[in-house]
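Below: the structure, in structure tokens.
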There are 2 protein chains.
Amino acid sequence: MVTEQATRRVDEGDVRRADSLAREIFVGVANKWALLIINVLGDRTLRFTELRGEIEGISHKMLTQTLRGLERDGVVLRTVHPTVPPRVEYRLTEAGAALRDTVNGMCAWTRRYLAEIETARRRYDADHSVG
Amino acid sequence: MVTEQATRRVDEGDVRRADSLAREIFVGVANKWALLIINVLGDRTLRFTELRGEIEGISHKMLTQTLRGLERDGVVLRTVHPTVPPRVEYRLTEAGAALRDTVNGMCAWTRRYLAEIETARRRYDADHSVG
DNA sequence: CAGGATCCTAGAGGATACTG
DNA sequence: CAGTATCCTCTAGGATCCTG
């Protein structure tokens with residue numbers, strides 16, 4: 001019989017194909033809030049409110065929503081302490097830590113090229129403002 | 001006298017602050033289309049149409065728009081050959097290549113954890129479907 | 001404190017048509 | 001072929017209120 005496994009496409013690792021699982025995962029993680037959360041978490045354990053305080057501009061809704069996605073993908077571990085008031089802690093899983101390393105690479109890249117990018121922008125704007 | 005430099009904030013390298021230049025640059029690059037373009041470009045030189053063909057699901061508009069942003073930041077180099085019909089080629093700059101390396105890290109991460117993420121999702125969905 | 005549910009709007013992004 | 005402009009849709013995401 002033809003199983004689901006058998007009919008599944010083979011190039012799942014190709015991040016280019018919109019219908020591949022890899023692309024879905026990549027895209028799910030390739031957004032500012034997810035990357036900022038991962039970056040801010042680092043190797044710490046933070047509560048919901050702490051997390052929110054460290055990420056300027058994130059709304060209550062986006063924080064919960066993004067955390068749910070990351071939790072579902074096994075990137076973030078969510079621990080609920082059944083106290084009152086509740087205490088919920090978030091930390092990166094092993095997969096999350098691996099991802100964090102590449103995110104830190106992006107942050108390092110930003111710092112490294114900050115000045116050059118500023119310059120490039122000024123040149124671009126100058127060249128395109130007139131006509 | 002107080003110069004612009006003097007009044008500028010010092011923590012520009014902090015990607016957490018929404019008003020920092022670093023955050024603006026980070027966020028500008030932390031979106032799926034930008035990352036996919038950078039990934040697809042690799043070390044090749046591609047024309048607009050080729051690029052579009054390799055990134056499934058990207059619209060004409062988003063491709064131009066995202067390329068403009070990357071060009072402005074000096075991540076992508078745009079070369080126009082004044083022929084008819086026009087031939088426009090895109091390739092990564094040195095800064096772009098550096099960024100590509102971290103993007104490739106994200107792709108590698110996706111492949112590496114693909115199976116585990118699938119498992120995590122199934123478990124999460126099972127645990128949350130019922131209530 | 002953590003977070004679900006609802007409502008609602010600003011802006012991302014698609015489709016299409018036009019230009020050099 | 002590459003790119004701009006326009007219009008229009010739809011959804012990401014904010015504000016707010018409510019629960020355990």
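Per chain, numbering begins at 1; letters A, B, ... match sequence-line order.
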Exercise for the section: Please list, chain by chain and in numerical order, all residues satisfying side chain to side chain donor-acceptor pair (under 3.5 Å) with Glu50(B), sequence neighbours excluded. Expected result: none
Problem - Spacing of Ile55(B) atom CD1 relative to dG13(C) atom P, expressed in whole Å - result: 14 Å
Exercise for the section: Quickly work out the Ile58(B) CD1 to dG14(C) C1' distance and round it to whole Å. Expected result: 12 Å
Residues 31-43 of chain A, side-chain donor-acceptor partners within the protein, below 3.5 Å, at least two apart:
residue  : atom : partner  : partner atom : Å
Asn31(A) : OD1  : Trp33(A) : N            : 3.1
Asn31(A) : OD1  : Ala34(A) : N            : 3.1
Asn31(A) : ND2  : Gly28(A) : O            : 3.0

Handout entry: Selection: residues 23-32 of chain A, any non-hydrogen atom under 4.0 Å of DNA chain C
Key = none
Between the protein and nucleotides 3-5 of chain C, are there any N/O to N/O pairs under 3.5 Å, and if so, what are the atom names and distances?
residue : atom : partner  : partner atom : Å
dG3(C)  : OP1  : Arg68(A) : NH2          : 2.9
dG3(C)  : OP1  : Arg78(A) : NE           : 2.7
dG3(C)  : OP1  : Arg78(A) : NH2          : 2.7
dG3(C)  : OP1  : Tyr90(A) : OH           : 2.8
dG3(C)  : OP2  : Tyr90(A) : OH           : 2.9
dG3(C)  : O5'  : Arg68(A) : NH2          : 3.3
dG3(C)  : N7   : His60(A) : NE2          : 2.6
dG4(C)  : OP2  : Arg68(A) : NE           : 3.4

Exercise for the section: Round to the nearest Å and state the distance from Gln65(B) atom CD to dA5(D) atom C1'. Expected result: 13 Å
Handout entry: Nearest-angstrom distance from the residue atom CG of Leu63(B) to C1' of dA12(C)
Key = 16 Å
Practice task
Apply the test side-chain contact (heavy atoms from CB on, under 4.5 Å) to residues Leu21(A) and Glu24(A): give CA-CA distance (whole Å), side-chain angles for both, the deciding distance (0.1 Å), then the verdict.
Solution key: CA-CA 5 Å; Leu21(A) 179 60; Glu24(A) 192 202 322; 4.0 Å; yes
Fill in the blank from the handout: Met62(B) CE to dT4(D) C1', in whole Å, measures 15 Å
Side-chain donor-acceptor pairs of residues 70-79 of chain B under 3.5 Å, sequence neighbours excluded:
residue  : atom : partner   : partner atom : Å
Arg72(B) : NH1  : Asp125(A) : OD1          : 2.8
Arg72(B) : NH1  : Asp125(A) : OD2          : 2.5
Asp73(B) : OD1  : Arg121(A) : NE           : 2.6
Asp73(B) : OD1  : Arg121(A) : NH2          : 3.3
Asp73(B) : OD2  : Arg121(A) : NH2          : 3.4
Arg78(B) : NE   : Tyr90(B)  : OH           : 3.3

Practice task
Would you mind telling me which residue lines up with the more 5' stretch of DNA chain D, Pro85(B) or Gly57(A), judged by nearest nucleotide?
Solution key: Pro85(B)
Problem - Whole angstrom value for the distance that separates P of dG13(C) from CZ of Arg52(B) - result: 15 Å
Exercise for the section: With sequence neighbours left out, write down each residue that passes ring pair (Phe, Tyr, Trp, His ring centres under 6.0 Å) with His81(A), or none if nothing qualifies. Expected result: none
Practice task
Determine which pairs satisfy side chain to side chain donor-acceptor pair (under 3.5 Å) with at least one residue from residues 94-105 of chain B, sequence neighbours left out, and list them in order.
Solution key: Tyr113(A)-Glu94(B)
Problem - Atom-pair distance (CD on Glu56(A); P on dG14(D)), nearest Å - result: 13 Å
Problem - side chain to side chain donor-acceptor pair (under 3.5 Å) partners for Arg112(A), two or more places apart - result: Glu116(A)
Problem - Neighbour count >12 (heavy atoms, 6.0 Å) for atom CZ, Arg91(A) - result: no
Practice task
Please identify each residue that fulfils side-chain contact (heavy atoms from CB on, under 4.5 Å) with Glu56(A), with sequence neighbours left out.
Solution key: Arg17(B), Ala18(B), Asp19(B), Arg23(B)
